[in-house]
There are 2 protein chains.
Amino acid sequence: MANDVTLDDVARRSGVSPATASRALNGRRGVRDDVRERVLSTASSLKYRPNRAAQNLAGGRTSVIGLVLGSEELVGNTYATSIVQSVAAAASVHDEGLMLILDSQKPAIAVQNLLSDGLVDGVIISVVAIGEQWVEELLDANIPTVLLGAHPRRTDVPVVDVDNLTAGHLLTAEVLRHGHRRVAMLAGPQSRVDANQRLRGFRAAHEELGLAVDESLIFPGDFHGQTAYQRAPEIFAAAPDAIVACNDDMAIGLLRYANEHGIDVPTDVSIVGFDGITLRYPEYQITTMAQPFERLGRTAVASLLDLIRGDSVPPEQLLGPQLIERGSIGSPPET
Amino acid sequence: MANDVTLDDVARRSGVSPATASRALNGRRGVRDDVRERVLSTASSLKYRPNRAAQNLAGGRTSVIGLVLGSEELVGNTYATSIVQSVAAAASVHDEGLMLILDSQKPAIAVQNLLSDGLVDGVIISVVAIGEQWVEELLDANIPTVLLGAHPRRTDVPVVDVDNLTAGHLLTAEVLRHGHRRVAMLAGPQSRVDANQRLRGFRAAHEELGLAVDESLIFPGDFHGQTAYQRAPEIFAAAPDAIVACNDDMAIGLLRYANEHGIDVPTDVSIVGFDGITLRYPEYQITTMAQPFERLGRTAVASLLDLIRGDSVPPEQLLGPQLIERGSIGSPPET
DNA sequence: TTGTAGGCGTTATCAA
DNA sequence: TTGATAACGCCTACAA
């Protein structure tokens with residue numbers, strides 16, 4: 001209903017053919033300047049908006065991109081939510097629609113349904129979706145794709161991510177700079193590239209200062225705060241001066257345990273994390289390496305649009321993280 | 001690229017005309033049974049999927065619905081996130097695409113862009129978006145719309161919501177049932193229908209027992225936990241036995257203040273909320289009237305599809321809330 | 001530089 | 001019950 005002004009209307013009113021009007025509207029070359037202007041002005045005065053379905057059908061683009069997330073990943077996941085928000089904002093800037101693909105119930109079908117039918121021109125796949133069967137299939141579909149977070153195996157798909165190696169390095173260096181020497185690491189899932197990179201950064205920061213990493217202080221984790229909480233006794237028992245948790249959720253899990261057991265942060269132990277998750281509760285503030293969400297979204301969308309346009313995009317774009325001081329790093333205990 | 005099997009292919013392979021194939025595929029009547037079966041089977045063997053753009057252009061539907069949220073409403077807002085998730089799930093069940101519309105930067109343009117162009121068949125507008133200028137304009141656009149949460153003024157748009165009146169009533173009754181008599185209410189924004197209904201329920205529960213509501217125990221709030229925290233001193237100073245907060249965020253804000261000031265919940269005071277927000281931290285557990293998110297999403301999507309189909313939908317569908325006991329209601333103090 | 005004409009894949013109208 | 005045929009609105013060779 002909304003809009004019944006068609007290209008033909010604009011053309012007629014401008015005294016040109018639809019073809020010329022189309023060219024003018026789409027910024028194609030080969031249109032006299034005054035004609036182009038005329039078309040443009042009547043178009044806007046008529047409030048002309050191209051019918052996207054027609055554009056799409058005629059072989060053009062959909063002007064819609066998809067954002068793929070795991071199905072149960074949204075509620076309570078600040079990282080995932082921030083990604084959605086930033087991608088949505090970026091898409092809007094480019095005047096692109098955003099299809100949210102949380103599916104998963106219907107493995108292969110979802111892929112077909114939403115992509116094969118020409119509903120979107122391309123997709124951004126978030127790292128939180130990686131691993132789901134249908135997402136893996138999606139990666140093989142012949143559709144422009146950008147990964148927001150690295151895939152453990154696929155290196156053939158362009159990736160946009162925060163520079164996790166540097167993040168791990170800088171954050172650990174910051175901890176070491178405070179004089180801590182007995183630094184524990186609560187690692188992330190082995191299967192996650194970001195987790196591994198952060199761990200590598202952790203090691204690199206030690207090496208840089210000629211310090212040895214105490215392997216017994218590296219604890220396995222899974223990015224979940226709950227698990228971190230459960231493993232906390234073991235970790236605190238190792239009596240580290242500081243703990244680098246591989247994400248904020250886990251850091252907060254540790255913090256909670258500490259709070260409950262009279263362990264003061266940062267007096268007794270320092271705790272830091274990754275992501276830049278903000279909890280509004282003062283007892284859960286931790287110093288962290290924040291994800292540059294806005295830039296991540298912008299870069300991912302811009303790259304995907306390049307890809308769709310047929311331009312080439314760098315295989316890997318790593319954005320700088322930002323240290324956010326929230327006072328959870330203290331001085332090492334007196335020796 | 002994905003799919004190049006067209007209706008013509010299916011038709012040819014089935015030995016019928018495209019028209020018949022179309023009818024068969026769409027379950028139109030007037031096709032011999034054996035023909036229909038033949039078409040259907042070749043379609044599936046060819047993995048035929050209709051081109052949505054073509055369907056749309058031909059006057060059919062988009063098979064995409066929009067979900068409108070405020071721009072900054074997603075991160076850290078469990079309610080909004082839950083809505084997204086449940087609507088996405090419901091849309092997926094109906095094989096509908098879901099466009100996420102978080103826009104707002106471009107007031108009127110967003111409306112045009114995403115709706116006038118025929119990108120979606122209809123929209124679900126969440127209550128969290130109500131009030132934004134462009135959303136108000138959107139309500140006047142001639143496009144099927146369902147409100148997920150009531151609008152303060154528009155009663156011409158079908159609403160799906162939890163039954164806030166009953167929720168407020170039942171929750172307050174539960175508090176009163178425990179014997180509390182000095183019950184405070186931390187209200188929500190005046191502009192929000194849900195907040196007002198919960199307050200009405202609060203009063204109704206008192207009336208039901210012949211109890212007078214102490215108006216000095218009704219405090220203004222804005223749904224934000226931070227604000228609740230700031231107002232907490234004043235509220236606790238009034239020495240209520242119990243506090244009914246108009247949503248969980250505010251309840252948690254109160255709880256935080258209580259925790260910090262040696263006020264034990266529920267021994268010293270009971271606190272309850274609405275929404276069913278789950279925090280994983282045990283010190284922030286509150287008894288609450290939960291939103292039936294899944295059913296809300298399902299109902300909203302189903303109603304919107306009815307609307308799109310031209311069927312009529314009830315002007316107001318209120319779903320039952322559910323009491324979730326989390327132990328934040330205690331006994332009233334001995335008198 | 002501009003216009004004409006055909007086609008994108010589907011649905012709907014109207015005959016047969 | 002079926003099958004031509006004409007839209008739907010736009011883009012893009014190809015011609016002028």
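Mapped onto DNA chain D by nearest heavy atom, Ala53(A) and Arg32(B) fall at different nucleotides, with Arg32(B) at the one closer to the 5' end. Toward the 5′ end of DNA chain C lies the nearest nucleotide of Ser17(A), the other residue of the pair Leu25(B) and Ser17(A) mapping further downstream.
In terms of polar N and O atoms assigned as donor or acceptor, the side chain of Arg23(B) comes within less than 3.5 Å of the base of dG3(D) in a complementary pairing. A donor and an acceptor atom never sit less than 3.5 Å apart when one is taken from the side chain of Arg49(B) and the other from the base of dG9(C).
Taking every side-chain heavy atom of Asn26(B) into account, dT11(C) is the closest of dG3(C), dT1(D), dT11(C). Considering only side-chain atoms of Ala58(B), the nucleotide from dG9(C), dG3(C), dG9(D) that sits closest is dG9(C). Listed nucleotides dC8(C), dT2(C), dT12(D) differ in distance to Thr20(A); the shortest reach to its side chain belongs to dT2(C). Among the nucleotides dG3(D), dC8(C), dC10(D), the one closest to any side-chain atom of Ala19(B) is dG3(D). Here the nucleotide nearest the side chain of Thr6(B), chosen from dG3(D), dT10(C), dT2(D), is dT10(C).
In this structure, a donor-acceptor pair under 3.5 Å is present between the side chains of Arg52(A) and Ser63(A).
Note: CG (Leu57(B)) to C1' (dA7(D)) measures 9 Å, nearest angstrom. One atom, CZ of Arg29(A), and another, P of dT2(C), lie 14 Å apart when rounded to the nearest Å. For the pair Asp9(B) CG and dT10(C) P, the interatomic distance rounds to 9 Å; values are reported in whole Å. Computed from coordinates, the Arg36(B) CZ to dT1(D) P distance equals 9 Å when rounded to whole Å. When rounded to the nearest whole Å, the span between CZ of Arg12(B) and P of dT10(C) equals 12 Å. Between the CG atom of Asp8(A) and the P atom of dG3(C) there is a distance of 13 Å, rounded to whole Å. The CG-C1' distance, from Asn51(B) to dC8(D), rounds to 13 Å in whole Å.
Look at Ser22(B) and you'll find a side-chain N or O under 4.0 angstrom from OP1 or OP2 of dT11(C). The phosphate of dC8(D) (OP1 or OP2) has no side-chain N or O of Asn56(B) nearer than 4.0 angstrom. The side chain of Arg28(A) contributes an N or O atom lying less than 4.0 Å from OP1 or OP2 of dT12(D). An OP1 or OP2 oxygen of dT11(C) is reached within less than 4.0 angstrom by a side-chain nitrogen or oxygen of Gln55(B).
The CD atom of Glu294(A) lies 10.5 Å from the OG1 atom of Thr299(A); values are rounded to the nearest 0.5 Å.
The heavy-atom pair separating Ser303(A) from Val160(A) by the smallest distance is OG-CG2, 4.3 Å. Between Thr81(B) and Leu74(B), the closest heavy-atom pair is OG1-O, 3.4 Å.
Overall, the helix from dT1(C)-dA16(D) to dA16(C)-dT1(D) carries an axis bend of 40° between its ends, with five pairs at each end and the value rounded to 10°.
Under 4.0 Å is where a charged nitrogen must lie from a carboxylate oxygen, and between Asp121(A) and Arg309(A) no such pair does.
Counting any heavy atom pair closer than 4.0 Å across all strands shown, Leu7(B) reaches a base atom.
Applying the side-chain hydrogen bond (donor to acceptor under 3.5 Å, both in side chains) rule to Glu316(A) yields no partners; only residues at least two apart in sequence or on another chain are considered.
Two residues are said to be in side-chain contact when any heavy atoms from C-beta on lie closer than 4.5 Å; Ile65(A) and Leu98(A) meet this criterion. The shortest side-chain heavy-atom distance between Val87(A) and Val301(A) falls under the 4.5 Å cut-off.
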